[in-house]
*Asks:* 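Structure below; questions to follow.
Only a predicted model underlies this, so the values are computations on that prediction, with no experimental measurement involved. Just follow the structure's listing: the first ligand is 1, and inside any ligand the first atom is 1. FYI, the numbering just counts along the sequence from 1.
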Amino acid sequence: MKSLNRSQRSRFPIPFFGLALVLLVFLASPTRSCTEQEKSSLLQLLAGLSQDGGLTASWRSNTDCCRWEGISCSLNRMVTDVVLAYRGLEGSISPFLGNLTSLLRFDLSHNLLSGGLPLELLQSSSILVLDVSFNRLTGGLSELPSSTPVRPLQVLNISSNLFTGRFPSTIWEVMKSLVALNASTNSFTGQMPTMSCVSAPSFAVLELSFNKFSGNIPPGLSNCSLLKLLSAGNNHLSGTLPDELFKVTTLEHLSLPFNWLEGELKGIINLTNLVTLDLGKNEFRGNIPESIGELKKLEELLLDHNSMSGELPSALSNCTNLVTLDLKVNHFNGEFTKINFLSLPNLKILDILSNDFTGTIPESIYSCSKLTALRLSFNHFHGQLSEKIGNLKSLSFLALVNLSLTNITRTLQILGSSRSLTTIFIGFNFLHETMPEDDNIGGFENLQVLSMNYCSLSGTLPGWLSKLTKLGMLFLQSNQLTGPIPDWISSLKLLFYLDLSNNSFTGEIPTALMEMPMLKSDKTAPKIFSELPLYFFSPFVEYLKPGAFPKVLNLGINNFTGVIPEEIGQLQGLLLLNLSSNKLSGEIPQQIGTLTNLQLLDLSSNHFTSTIPATLNNLHFLSKFNISNNDLEGSIPTAGQLSTFPDSSFDGNPKLCGLMIVNHCGSAEAASESIISREQIGSKVIFAIAFGAFFGVGVLYDQMVLARYFG
Ligand SMILES: *[C@@H]1O[C@H](CO)[C@@H](O)[C@H](O)[C@H]1NC(C)=O
Ligand SMILES: *[C@@H]1O[C@H](CO)[C@@H](O)[C@H](O)[C@H]1NC(C)=O
Ligand SMILES: *[C@@H]1O[C@H](CO)[C@@H](O)[C@H](O)[C@H]1NC(C)=O
Ligand SMILES: *[C@@H]1O[C@H](CO)[C@@H](O)[C@H](O)[C@H]1NC(C)=O
Ligand SMILES: *[C@@H]1O[C@H](CO)[C@@H](O)[C@H](O)[C@H]1NC(C)=O
Ligand SMILES: *[C@@H]1O[C@H](CO)[C@@H](O)[C@H](O)[C@H]1NC(C)=O
Ligand SMILES: *[C@@H]1O[C@H](CO)[C@@H](O)[C@H](O)[C@H]1NC(C)=O
Ligand SMILES: *[C@@H]1O[C@H](CO)[C@@H](O)[C@H](O)[C@H]1NC(C)=O
Ligand SMILES: *[C@@H]1O[C@H](CO)[C@@H](O)[C@H](O)[C@H]1NC(C)=O
Ligand SMILES: *[C@@H]1O[C@H](CO)[C@@H](O)[C@H](O)[C@H]1NC(C)=O
Ligand SMILES: *[C@@H]1O[C@H](CO)[C@@H](O)[C@H](O)[C@H]1NC(C)=O
Ligand SMILES: *[C@@H]1O[C@H](CO)[C@@H](O)[C@H](O)[C@H]1NC(C)=O
């Protein structure tokens with residue numbers, strides 16, 4: 001083997017001094033290859049893999065394992081590093097790796113490995129960094145045998161796996177050098193691991209978020225005199241923050257969102273090194289203490305979705321490094337102008353959605369030139385939007401819903417000149433004003449989402465909208481707009497979500513609408529970039545993934561007349577089609593049955609006649625269906641989806657007959673139908689379960705179909 005290596009090398013003419021040097025070092029080293037034992041331990045790893053990401057090409061048993069891909073050795077040819085991240089490896093991790101006695105770094109992160117984490121690795125007498133994050137490892141971590149001597153492990157990252165069970169407590173006792181433990185995104189249960197920093201004095205990072213830990217936050221952390229990060233959000237933790245926690249003054253990042261924690265924040269102010277404080281989505285009460293101003297390093301303050309109240313302390317202005325201030329969905333009150341934003345020049349995100357703030361929008365906000373997202377919706381402000389909002393050159397997200405704003409013309413003129421805005425929510429304002437037709441309104445170069453709903457605006461669909469070439473979502477429901485839908489609508493090439501419901505639009509459903517490129521396309525809608533999570537149903541129901549909005553056409557509750565154009569069959573992308581409560585007539589075109597992505601179809605309260613097209617049974621994903629209050633006749637097709645909807649989906653069609661409605665068809669017919677329909681129900685249920693598991697249909701429905709105005 002050694003001679004093979006030497007002869008390989010001597011074939012080269014040694015053109016470089018560098019190579020000569022390498023050769024020199026090579027020849028000078030006591031052993032020229034890794035030991036057979038180390039090689040065989042590594043080959044055991046390979047043997048355990050069902051998918052080795054091409055490693056076999058370099059991991060050949062007749063070569064020096066120190067030269068294998070992903071392996072590094074020390075000068076004396078002992079394996080020190082096994083680094084095989086992002087290799088697409090599948091299979092299990094061999095316990096034989098515990099035999100690599102000089103191994104320092106072991107990184108198998110971002111693969112598809114399964115099975116357990118061998119205790120031999122945790123117990124290794126040499127490993128300093130063990131990273132198996134982003135795999136599919138399962139099972140629990142066992143307690144280490146009590147006889148285990150002190151181990152040198154410093155960093156343990158087992159995050160983003162499928163580990164379950166309680167976290168072993170003995171790990172701390174032998175890992176006296178542990179600096180970071182990252183166990184986030186698993187399914188660990190039971191008490192949060194109780195650290196004894198007396199035995200691991202260097203401990204600095206404890207990341208446990210996205211697990212199922214329950215119970216209180218253990219007080220044991222107070223001896224962790226170097227702890228910098230404690231993150232345990234998205235667990236089931238309850239109780240108050242222990243006083244001992246407030247003694248850990250080294251803490252820089254304290255992140256505990258989405259738990260059931262309660263109590264007041266008084267002690268927090270002793271943590272003067274905090275950079276991040278995230279206590280959102282808990283049950284904290286009381287106010288923000290005046291002494292918050294002591295937290296001079298604070299950059300992120302997130303207290304959203306709690307039950308906090310009281311006025312904001314003016315000392316908050318002393319936290320001059322603030323980048324994110326998120327107080328949404330609490331009961332904070334008093335004048336918001338108490339905060340002097342002039343002293344918060346780094347602020348990027350300000351979100352106070354749904355509180356009880358009063359007074360005017362502080363002028364000093366317009367000095368925060370780095371703001372990218374500003375949400376003031378659902379507070380009790382009075383006064384108008386200032387032209388100075390134009391100073392906010394980075395502002396992308398603006399939500400000013402229900403703030404008693406007036407003069408929509410002026411507001412749109414101000415906002416239109418912003419090139420940075422991508423999302424605007426200004427519904428529940430401008431009551432009974434007129435939609436400006438003004439050609440001077442324009443700009444909005446980058447606008448993707450525009451919501452001006454629940455304003456009772458009169459007027460028509462204004463022409464300036466046709467110039468918003470990036471528009472993806474338009475919410476104009478619950479106004480009093482009249483007239484037809486203009487043909488320019490199809491020039492909005494990116495529009496995929498259109499809600500014009502509850503207005504007074506008239507005329508026929510234009511064929512231009514059937515030419516909307518996004519609704520015609522089956523491809524997913526363009527990703528909506530949103531700085532902040534969007535809230536549709538209520539401030540408590542966050543929309544799942546910003547990128548995943550469905551394609552929607554809602555023309556319900558208007559005065560549209562005529563027939564549904566047959567071209568409706570072109571709108572292959574649609575998930576929700578709602579034409580309810582209009583004056584539409586004629587037959588329901590059978591082409592609707594080709595819209596196989598539909599999850600909701602509401603044609604209720606119109607004047608549709610004739611029979612229900614059997615093609616509707618092809619709509620396998622349909623979870624809401626309503627054709628009540630029309631003039632339909634004949635029998636309800638039973639061979640498919642339609643048989644599973646309740647009577648109320650068909651009510652108010654006196655000439656309609658069928659199994660599930662009071663009005664039975666002929667008895668012979670009914671008997672045969674009942675057999676078919678039972679089989680159909682069975683397969684539908686299976687299908688629905690399979691589909692629901694993949695796409696979470698119910699959630700989608702709840703979030704999209706109910707009132708959409710919270711922005
Ligand atoms: C290597 O590790 C395996 C599994 O942990 C063990 O059974 C075996 O005895 C070890 N071999 C040597 C040579 O240490
Ligand atoms: C694993 O966690 C450690 C410590 O928290 C961190 O330093 C490391 O970057 C993480 N690994 C990956 C792949 O993110
Ligand atoms: C924990 O590991 C994850 C990777 O799974 C990484 O994204 C995260 O940054 C780590 N946390 C810390 C605090 O290092
Ligand atoms: C902290 O350490 C001291 C001794 O070093 C010990 O008496 C005390 O109980 C420890 N505190 C906690 C909460 O573990
Ligand atoms: C906060 O610090 C002060 C002064 O250092 C101390 O008196 C108080 O007990 C500390 N509060 C908590 C909750 O630790
Ligand atoms: C805030 O800073 C000002 C000026 O530095 C100081 O006078 C005031 O006492 C501080 N307030 C608090 C609560 O820290
Ligand atoms: C809008 O604000 C007013 C006054 O603040 C309040 O009475 C009303 O309930 C709010 N509307 C909604 C839908 O929350
Ligand atoms: C609304 O603002 C415009 C300026 O943009 C102004 O001309 C108009 O008079 C205002 N309307 C009302 C009713 O104040
Ligand atoms: C329709 O809009 C009006 C205001 O324009 C509102 O009061 C009503 O609740 C809305 N109806 C529905 C069903 O949304
Ligand atoms: C439709 O038109 C009728 C009569 O013109 C009117 O009474 C009704 O309010 C209108 N409905 C809607 C939703 O605009
Ligand atoms: C269709 O839209 C109207 C108006 O927004 C609404 O009242 C109705 O509930 C919607 N239908 C369904 C099934 O959601
Ligand atoms: C169908 O729509 C009508 C109103 O148009 C409503 O009363 C009924 O509850 C709806 N039925 C279902 C199943 O959604």
*Asks:* Among side-chain atoms of N402 and N429, is any donor-acceptor pair under 3.5 angstrom?
*Replies:* no
*Asks:* If you measure every N or O of D602 against every N or O of ligand 11, does any of those distances drop under 3.5 Å?
*Replies:*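 Yes, D602 has an N/O under 3.5 Å of an N/O on ligand 11.
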*Asks:* Is it the case that S72 and D81 place a side-chain donor and acceptor less than 3.5 Å from each other?
*Replies:* no
*Asks:* Hey, does S501 come in under 3.5 Å of ligand 11, counting only N/O atoms on both sides?
*Replies:*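 The answer is yes, given that S501 and ligand 11 share an N or O pair closer than 3.5 Å.
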*Asks:* Mind checking what makes side chain to side chain donor-acceptor pair (under 3.5 Å) contact with N99, not counting sequence neighbours?
*Replies:*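 Not a single residue meets the side chain to side chain donor-acceptor pair (under 3.5 Å) criterion with N99.
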*Asks:* With heavy-atom distances below 4.0 Å as the criterion, list the atoms of ligand 11 near N578.
*Replies:* 1 (C), 2 (O), 3 (C), 8 (C), 10 (C), 11 (N), 12 (C)
*Asks:* Using a 4.0 Å heavy-atom threshold (strictly under), name the region of N626 that reaches ligand 11: side chain, backbone, both or neither.
*Replies:*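 Neither; nothing of N626 gets under 4.0 Å from ligand 11.
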*Asks:* Which of the atoms in ligand 11, numbered in the order shown and given with their element, are less than 4.0 Å from a heavy-atom of N554?
*Replies:* 2 (O), 5 (O)
*Asks:* If you draw a 6.0 Å radius around CD in E566, do more than 12 non-hydrogen atoms from other residues or ligands fall strictly inside?
*Replies:*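 Check fails, neighbour count at 12 or below.
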*Asks:* Counting heavy atoms only, which part of N502 comes closer than 4.0 Å to ligand 11: side chain, backbone, both or neither?
*Replies:*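 Under 4.0 Å from ligand 11, N502 contributes no heavy atoms.
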*Asks:* May I ask you to list the atoms of ligand 9 that are less than 4.0 angstrom from any heavy atom of S456?
*Replies:* 4 (C), 5 (O)
*Asks:* Give the residues near ligand 1 by chain and number, with the criterion being a heavy-atom distance under 4.0 Å.
*Replies:*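 Contacts of ligand 1 under 4.0 Å: Q37, P95, F96, N99, E120.
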*Asks:* Applying disulfide bond (SG atoms under 2.5 Å apart) to C65 and C34, what does each step give before you reach the verdict?
*Replies:* CA-CA 6 Å; C65 74; C34 67; 2.1 Å; yes
*Asks:* May I ask you to decide if the ring planes of F625 and F645 are parallel, tilted or perpendicular, using 30° and 60° as cut-offs?
*Replies:*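 Tilted: the ring planes of F625 and F645 meet at 30° to 60°.
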*Asks:* Can you name the side chain to side chain donor-acceptor pair (under 3.5 Å) partners of E143, sequence neighbours left out?
*Replies:*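 For E143, the residues satisfying side chain to side chain donor-acceptor pair (under 3.5 Å) (neighbours in sequence not counted) are T170.
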*Asks:* For ligand 11, which atoms sit closer than 4.0 Å to a heavy atom of I557?
*Replies:*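 This gives 4 (C), 7 (O) as the contact atoms.
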*Asks:* Taking atom types as modelled, is there a side-chain donor on E433 or T406 under 3.5 Å from an acceptor on the other?
*Replies:*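 Side-chain D/A pair, E433 to T406: absent.
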*Asks:* Show me, pair by pair, the donor-acceptor contacts under 3.5 angstrom made by side chains of residues 123-130, not counting sequence neighbours?
*Replies:*
residue	atom	partner	partner atom	Å
S124	OG	S126	N	3.0
S124	OG	S126	OG	3.4
S124	OG	I127	N	2.9
S126	OG	T101	O	3.4
S126	OG	L103	N	3.3
S126	OG	L103	O	2.7

*Asks:* Go through it in stages, so that I can follow the logic: the residues are K655 and D631, the test is salt bridge (Lys or Arg N to Asp or Glu O under 4.0 Å), and I'd like the CA-CA distance, side-chain angles, deciding distance and then a yes or no.
*Replies:* CA-CA 7 Å; K655 286 180 268 177; D631 204 9; 3.7 Å; yes
